[in-house]
Amino acid sequence: MARAFLFVLDSFGIGGAADAERYGDAGADTFGHIALACAEGRADREGLRKGPLALPNMVSLGLAGAAETATGFRFGNGGTAPIAAAFHGAAQEVSSGKDTPSGHWEIAGLPVRFDWGYFPQTVPAFPAELTAAMISEGKVPGILGDCHAGGIEIIERFGEEHIRTGKPICYTSVDSVLQIAAHETHFGLERLYEFCKTVRRLADPLNIGRVIARPFVGETVATFERTYNRRDYAVPPPEPTLLDRLTGRGSKVIAVGKIGDIFAPRGISEVRKAAGNMAMFDKALGAMDDADDGDLVFANFVDFDTEFGHRRDVAGYAAALEAFDRRLPEALAKLRQGDLLILTADHGNDPTWRGTDHTRERIPVIGTGPGLSGGDVGLRPTFADIGETVAEHLGLAPGRHGTSFLRAIGGHARTA
């Protein structure tokens, strides 16, 4: 059997990016700062969690070693030695952005060498001609927001007016994104999706990476709540990724979570979604059961980013990591001889950092597989090394970007 499983802990960076200063993120370290806050009692929350950060299963896969490679940080609460077949390292991003598509595309063997389009830090943020076209072609009475904002804050600010007027709430961030919040019933969920498709087309000339539907429910500021019916409408990758290469030769790529949206949805055989990290973990386990020889399960666990990183919730992020770690043995138990499991991230989102945006960081590269010798794969110069390692493991010819480390961990290319 030669199967591969890529689990992305969305935003779980481990600091140390060589170019972090360029992004205003010098010193950002999602893992390191969460661990420090926990050790100092600043991440204790009654009924949620308490004490030092406990991630014994990820430590057994080499998380502490990955962090030391990235920044020199020594995670003192490991308590578990890496298992013999585990490997660890860190990877530096070469893509120009610190956004979700750039990170995932690079993981899948395609660094983003071009610059995305961005909206300025002005009010209004959107060009007048784009706004006019959104209103006209989207058949809405106008838009609200038209600024840089956080998703919860802008819904609280404009939600009641949106319900009264029917105007969708449109906003952006430092990422290449145009987000649209609308009420699931008053505006309509399907109508929101159709409006986003229109805006996606209109935003293409501006090279905006994603248009995101952000549905919510509730009737007042006190009761507004975003739902898990989010959809991302992304620009398709400009050349084949690992996913295209696999499906092109007849293998299955099972996308868990928002992976399908991120790849627009190119190179995807099947999409499985659920609400929340733990429900997503259930979907990932089911996909592992259904994967055949030569297949890839590519899963994204988005709550780390959306629920805790962007909200600067240190205790919530720590608790989510611990909950994920407790379930990791379930995935390890499903590995068969010849399988490869890699845990990684797509960027950082340090909940102790200023602002509410992603942080430029290195990412962990940890994992295992029955029969591997494991070991230290060092600091990888690009996330694309992850995709190329999976490609070699699954018997694909080398791609244009990245270098496989499969042989360094005792693996051998297999023909699927």
Side-chain angles (χ1 to χ4, degrees), residues 100-101 117 119 123-173 175-206 208-236 255 257-266 268 271-276 279 300 302 306-307 310:
T100 293
F119 295 113
V123 179
F126 306 132
E129 57 272 22
L130 173 62
T131 301
M134 288 164 59
I135 294 169
S136 173
E137 298 188 36
K139 297 180 174 57
V140 295
I143 66 170
L144 301 171
D146 201 350
C147 61
H148 283 244
I152 299 300
E153 172 265 325
I154 201 163
I155 290 172
E156 291 175 346
R157 193 180 352 155
F158 291 107
E160 292 182 355
E161 184 178 354
H162 160 71
I163 291 173
R164 288 196 310 271
T165 64
K167 298 177 181 179
I169 304 167
C170 303
Y171 60 105
T172 187
S173 71
D175 287 340
S176 180
V177 65
L178 200 165
Q179 305 197 64
I180 304 168
H183 198 281
E184 283 200 358
T185 54
H186 292 291
F187 189 86
L189 187 58
E190 291 303 321
R191 184 185 177 201
L192 171 59
Y193 294 157
E194 289 303 314
F195 182 68
C196 286
K197 291 176 185 177
T198 298
V199 175
R200 170 69 276 169
R201 174 173 50 80
L202 296 172
D204 281 347
L206 302 176
I208 301 302
R210 287 179 296 164
V211 172
I212 304 178
R214 292 284 198 176
F216 66 97
V217 293
E219 299 300 319
T220 65
V221 170
T223 60
F224 289 144
E225 182 178 337
R226 292 198 299 194
T227 75
Y228 281 98
N229 290 320
R230 160 184 170 162
R231 283 193 187 173
D232 294 36
Y233 298 87
V235 171
K258 67 176 185 177
I259 295 295
D261 292 344
I262 294 167
F263 288 87
R266 268 242 317 265
I268 305 291
V271 174
R272 303 185 184 188
K273 291 189 175 185
N300 173 281
V302 71
T306 57
E307 298 301 310
H310 285 301

Exercise. Could you give the distance from NZ (K167) to CD (E161), rounded to the nearest 0.5 Å?
Worked result: 6.5 Å
Problem set entry | Validation row: R200, V235 side chains within 4.5 angstrom (heavy atoms) | yes
For this session: For P236 and A264, work out which heavy atoms get closest and say how close.
Result: CA-CB, 3.7 Å
Problem set entry | Worked check of side chain to side chain contact (heavy atoms under 4.5 Å, CB included) between F119 and V177 | CA-CA 8 Å; F119 295 113; V177 65; over 6 Å; no
Problem set entry | Axial cation check for Y233 ring with R210, 6.0 Å and 45° limits | no
For this session: Might you work through the side chain to side chain contact (heavy atoms under 4.5 Å, CB included) test for K258 and R230, ending with a clear yes or no?
Result: CA-CA 9 Å; K258 67 176 185 177; R230 160 184 170 162; 3.4 Å; yes
Exercise. Which heavy-atom pair separates F195 from P168 by the least distance, and what is that distance?
Worked result: CE2-CG, 3.8 Å
Exercise. What is the ring orientation for F187 with H162, classed by angle as parallel under 30°, tilted 30 to 60°, or perpendicular over 60°?
Worked result: tilted
Seminar exercise, completed: In short, salt bridge (Lys or Arg N to Asp or Glu O under 4.0 Å) pairs touching residues 146-158 with sequence neighbours left out are E153-R157
Seminar exercise, completed: Value for CG (L144) from CD1 (I169), rounded to nearest 0.5 Å, stands at 6.0 Å
Could you list the donor-acceptor pairs under 3.5 angstrom formed by side chains in residues 123-141, with sequence neighbours left out?
from, atom 1, to, atom 2, distance (Å)
T131, OG1, P127, O, 3.4
E137, OE1, R201, NH1, 3.0
E137, OE1, R201, NH2, 2.9

Exercise. Hey, are the side chains of F216 and E184 touching, using non-hydrogen atoms and a 4.5 Å cut-off?
Worked result: no
Seminar exercise, completed: Heavy-atom nearest pair, A182 first then L192, reads CB-CD1, 3.8 Å
Seminar exercise, completed: Residues G260 and V271: closest non-hydrogen pair is CA-CG2, 4.3 Å
For this session: Enter the distance from T100:OG1 to D175:CG here, rounded to the nearest 0.5 Å.
Result: 7.0 Å
For this session: Compare all side-chain heavy atoms of E160 with those of I155 and state whether any distance is below 4.5 angstrom.
Result: no
For this session: Start with the C-alpha gap between H148 and Y171, add the side-chain angles, then the distance that decides, and say whether ring pair (Phe, Tyr, Trp, His ring centres under 6.0 Å) holds.
Result: CA-CA 6 Å; H148 283 244; Y171 60 105; 9.9 Å; no
For this session: Taking the side chain as every heavy atom from C-beta outward, state whether V217 and T185 have any atom pair closer than 4.5 Å.
Result: no
Exercise. Should F224 and I163 count as side-chain neighbours, where that means a heavy-atom distance under 4.5 Å?
Worked result: yes
Exercise. Distance only, no hydrogens: is a donor on one side chain within 3.5 Å (strictly under) of an acceptor on the other, for Q179 and T172?
Worked result: no
Problem set entry | I154/C147 under side chain to side chain contact (heavy atoms under 4.5 Å, CB included): CA gap, chis, key distance, verdict | CA-CA 9 Å; I154 201 163; C147 61; 3.9 Å; yes
Exercise. At their closest point, which heavy atom of C196 faces which heavy atom of I180, and how far apart are they?
Worked result: SG-CD1, 3.8 Å
Exercise. Heavy atoms, side chains only, cut-off 4.5 Å: are I212 and L178 in contact?
Worked result: no
For this session: Considering non-hydrogen atoms only, spot the tightest contact between Y228 and G276 and give its length.
Result: CE2-N, 3.4 Å
Exercise. Thinking salt bridges, do E194 and K197 make one under a 4.0 Å N-O criterion?
Worked result: yes
